[in-house]
Amino acid sequence: MITNKRIPVREQKPEIRRNNFNEVCLGYTKDEAIAEASRCLNCKKPLCITQCPVNINIPDFIQHIKNSEFELAAKSIARASLLPAICGRVCPQETQCEGQCIMGKKNDAIAIGKLERFIGDWSSEHLPTPELPKIQNGHKVAVIGSGPAGLTCAADLSRMGYSVTVFEALHKAGGVLVYGIPEFRLPKDTVVAHEIENIRKMGVKIVTDAVIGKAGSIDELMNKEGYDAVFIASGAGLPKFMNIPGENLNGVLSANEFLTRINLMKAYNDDYDTPVKTGKKVAVVGGGNVAIDSARAALRLGAEVTIVYRRSENELPARKEEVNHAKEEGIQFRFLTNPVAVIGNEKGWVKSLKCIQMKLGEPDASGRRRPVEIPGSEFLMDEDTVIMALGTSPNPLISSTTPGLEVNKHGCINTLEDNGLTSREGVFAAGDAVTGSATVILAMGAARKSAVAIDHYIRTKYNEQTHEDK
Amino acid sequence: MFVILEKKRLNPDVLEMKVSAPRVAEFAQPGQFVIVIPDKTGERVPLTICDYDRKAGSVTIVFQVVGLSTRKMARLEKGDAFADFVGPLGKSSELISESPEELSGKNILFIAGGVGAAPIYPQMKWLNSHGKKADLILGARDAGQLILVKELKENANKVFITTNDGSAGTKGFVTGPLNDLLLNRSCHYDRIIAIGPLIMMKSVADLTRSFNVKTIVSLNPLMIDGTGMCGACRVTIGNQTKFTCVDGPEFDGHLVNFEEAMRRQAMYKPEEKEHDHLCNMDLAVEESHSKSLK
C-alpha cells in the first residue's frame, strides 16, 4: 500500500544545531530512500519532469531507487544533471518538481529532492571517479567563474573533448556554492570540494586567483592565449544596499560580506584568521534564501536574530524548508516592516534600526502585492548589527572590459535564450551573470545549453561535425 | 605557487618582498593593489603594488608588520611561498591615462607618509620613464622609518624630507613643507598625490582645499574579496557611496569623508589587538626557546 505521508528525513534537532555549523538535514538511509521511492505513482504523464529546469527523468530514477538499482538511478540523473548531491540539497523543489507532484495534490508530494540527494551521496561513495575523456579535439575554451554554471559548462565541454580552463577570481573554486551557501545547508568538503575534484579529474583546468577583467580581458584570452570561445559564468556578486541614512555605520554589512567571512574564510572556525563581528542583536533585512542563510549563521555565532521583510510571510522568496528550519531554530520574523534609517551611537556603531510598518497594496510588476508605507508608523528596533540581504547584481568587471558586450540596465548580459550567445562572436554567457541572482539549477540548465552551442560554434568555425551530429 | 624571490627589511617594521606572480606582473599598473593570503588558514590581505617586472614575472610588495597576518607574512623567507596572490586589483592611477604632452606641462607633487612611500614609488618611476620628474615630500616618524629614499630620489625632481622628531630632514609633519611650498614660495601645482595614513591624507586635503589644488589620495580600507563582492571597503565620496576595491583605490581627497573612513578602519581593532597580544606571547616564547637552545 502506498502511504500518504512522506518518509520523514532525519535532521539535527533545532536546539543542538543552532550551536553548530554541521549540516542540518542528515539525508535518507537506503531503506528510507527505497520506502520513499515506493510512494511514487510512476505517472504516465509525469508533471514533475516538466517543472525541472534540466528535465531530469524523475520517475525513472525513482523507480530505480525503488528496485535498489542505485547505480542505474545515478546514471539516469547524470544524463540531465551533473551535480545531484548539490541540487538535491539546494534546489527549490517545492516550487519545481515536487510542486507538481500528483501525490502532493491531496497528500505529501514525493520527496524528490531528498531522493536526488541520496543518489548524489551514494554515487560519491560508491561510483568510481570520472576519467579523462578519451579523445581531445584540440580546441580551447575559457570559462570565467567556477560556480554552478561555469563548472557545468566546463564539464560538458571537457566530455566533448575540449581543453577547458576555468578562471576563478577567488582563491577557492565553487563560486556561490563556496562563498554564499553556508556549511549547514551544503557541506563544503564532503560535497562541494568532492564535485569540483571530480570535474578536475575529467581534465578541466581550474585556475584560482585569476580576475578576468583585471588580469587580462576576454579579448586577450581569445586573441593572445588562443581560446576559441569564452563562456562567462561570473555570477551576480555585487551586493545591493538600501541607500538609507546611516548605512555606512560600523556594524552594517552586506550579506555577501557576512557570508563570505563565514563560508569562504571560515571565520566561525578558530583555526582560521579572518574575524567576523556578529554582535548580540542582529537584524537581517530581506526575505530571500540569502537573508535566511545570514540569519541562521548569525544565530549560530550566538546572536539573537530578527529578519525584517517588507512584504508578508506569503511573499517570502526563500525556500519554505529553510524558513521552517529558521523558525525552529528561534529566528524572529518582522513582516511588513521596512528600514528607513540606521541610527548610530556616539562611537559610530549601530545602535538601532528605524523601521516603518507596511501594508500590501496593488500587485506590482512581479505579480506580488506591492508593499506600501503606513504613514507615521515608524519605530525603533535595538540592534548592534544590521545585515543587508537585498539581492545582488552582476559584477561589471567583465562587461566593462569587453567592448561590444551588451548588457541590460541591471548590468545583466544580453544573450539569446536558447544558447547563451552574447552580442560578441564566440562569447557565451549563462547563469546569474545573465539572469541576475537566481538558482543553482537554472544556472546549470542554461550552462548545458551553452555548452552545446559552444560546441556547435567551434565545429562550424572549423568545418567539423558537431558533437551532436556524431 | 607564489614564491618569494627576494626578502629585504627596509626598517625594523617594514619588509619588502619580490614575489613570483607572472599573471599579476603582466597586467599590473601604478596605483593598483594585490590581495595576499599568507597560508591556507590566512586572511585576504590587501597590499599596494610597489613595483613589477613583466619580464621576470615578479611583483614587489612592501608591508608594515602590524597584526597577525603581516606577522605571518614576515616569518616567510626567500624560497617560501604565499598560498595566494591575487591581482592586479583596483583602477590604475589616473596619471597613466594622460598623454606625455598633457603631463609635460604639469607640475606634480607627491606626498608620501610612512609605508605610503611604497605605492608612490611606481607612480614616480612611471612618470620619470615618461620624461617627467615630479616633486616629493617624504615623511616618517623618524629617520629609521624612512623607506625607499634612494629609489624615490632617483625618480624625483625636488625632494623634501620630514620626520616627526627631526632625526632626518625638517622636524614636523608633511604639511609643514607643503604649506611652505604653497603659501610662502607660491609654488603652483596642478596636482598633488598624497598617500599615507588616513590622518595625514586628511590633513593634506584640508590644507590643499584652501589653495584649490586638485588632490588625489589612495585608500586602503578593510576588504575581503577586492573585486566588488563584499562592500566592506565602502567609502563616502561627496555624497555617494563607493567601493574602494573597484571604484578606487584613488579618490579626490577633497571629497573623501575621512572621519567615516577612519571609523570604519577601526572596526576590527579589538580583534586585531587580541591577535597581536597572542602573537606577541608566541613570539616571546619562540625567542626564549631559541635563546635557550643556543
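Here is the naming used below: chain letters follow the sequence lines, and residue numbers restart at 1 for every chain.
Looking only at distances, no side-chain donor or acceptor of B/Arg234 sits under 3.5 Å from a matching main-chain atom of A/Asn248. Not a single donor-acceptor pair under 3.5 Å links the side chain of B/Asp84 to the backbone N or O of A/Asp209. A donor-acceptor pair under 3.5 Å links the side-chain atoms of A/Asn256 to the main chain of B/Met229, judged by distance alone.
With a 4.5 angstrom heavy-atom cutoff, B/Phe85 touches chain A only via backbone atoms. Interface remark: A/Val207 contributes no atoms to any contact with chain B (heavy atom separation under 4.5 Å). Both the backbone and the side chain of A/Leu170 have a heavy atom closer than 4.5 Å to some heavy atom of chain B.
Here CG of A/Asp273 is found 11.5 Å from NZ of B/Lys40. Values are rounded to the nearest 0.5 Å. Taking CZ of B/Arg23 as the reference point, atom NZ of A/Lys214 lies at 14.5 Å (rounded to 0.5 Å).
The shortest distance between side-chain heavy atoms of A/Tyr272 and B/Glu43 does not fall below 4.5 Å. You'll find the side chain of A/Pro239 reaches within 4.5 Å of the side chain of B/Phe243, heavy atoms only.
Residues of residues 258-269 of chain A that come closer than 4.5 Å to chain B, counting heavy atoms only, are A/Thr260, A/Arg261, A/Met265, ordered by residue number. Near-neighbour residues of residues 87-95 of chain B relative to chain A, defined by a heavy atom under 4.5 Å from a heavy atom of that chain, comprise B/Gly87, B/Pro88, B/Leu89, B/Gly90, B/Lys91.
The side-chain tip of A/Lys277 points at the ring of B/Tyr268 from less than 6.0 angstrom away and within 45° of straight on.
Your options are B/Glu259, B/Arg264, B/Met223, B/Gln29, and the one with the most heavy-atom pairs under 4.5 Å with chain A is B/Arg264. With chain A as the partner, the residue from B/Arg44, B/Glu260, B/Glu26, B/Gln32 showing the most heavy-atom pairs under 4.5 Å is B/Arg44. In terms of heavy-atom pairs under 4.5 angstrom with chain A, the leader among B/Val24, B/Asn257, B/Thr241 is B/Thr241. Of the listed residues A/Gly251, A/Pro396, A/Ala215, A/Ser254, the one with more heavy-atom pairs under 4.5 angstrom with chain B than any other is A/Ala215.
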side-chain contact (heavy atoms from CB on, under 4.5 Å) assessment of A/Glu257 paired with B/Ile224
CA-CA 7 Å; A/Glu257 178 186 348; B/Ile224 312 278; 4.2 Å; yes

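For B/Lys7, the NZ atom sits in a packed shell: over 12 heavy atoms of surrounding residues, nucleotides or ligands are nearer than 6.0 Å. No more than 12 heavy atoms of other residues, nucleotides or ligands shown are found within 6.0 angstrom of CG on B/Asn239.
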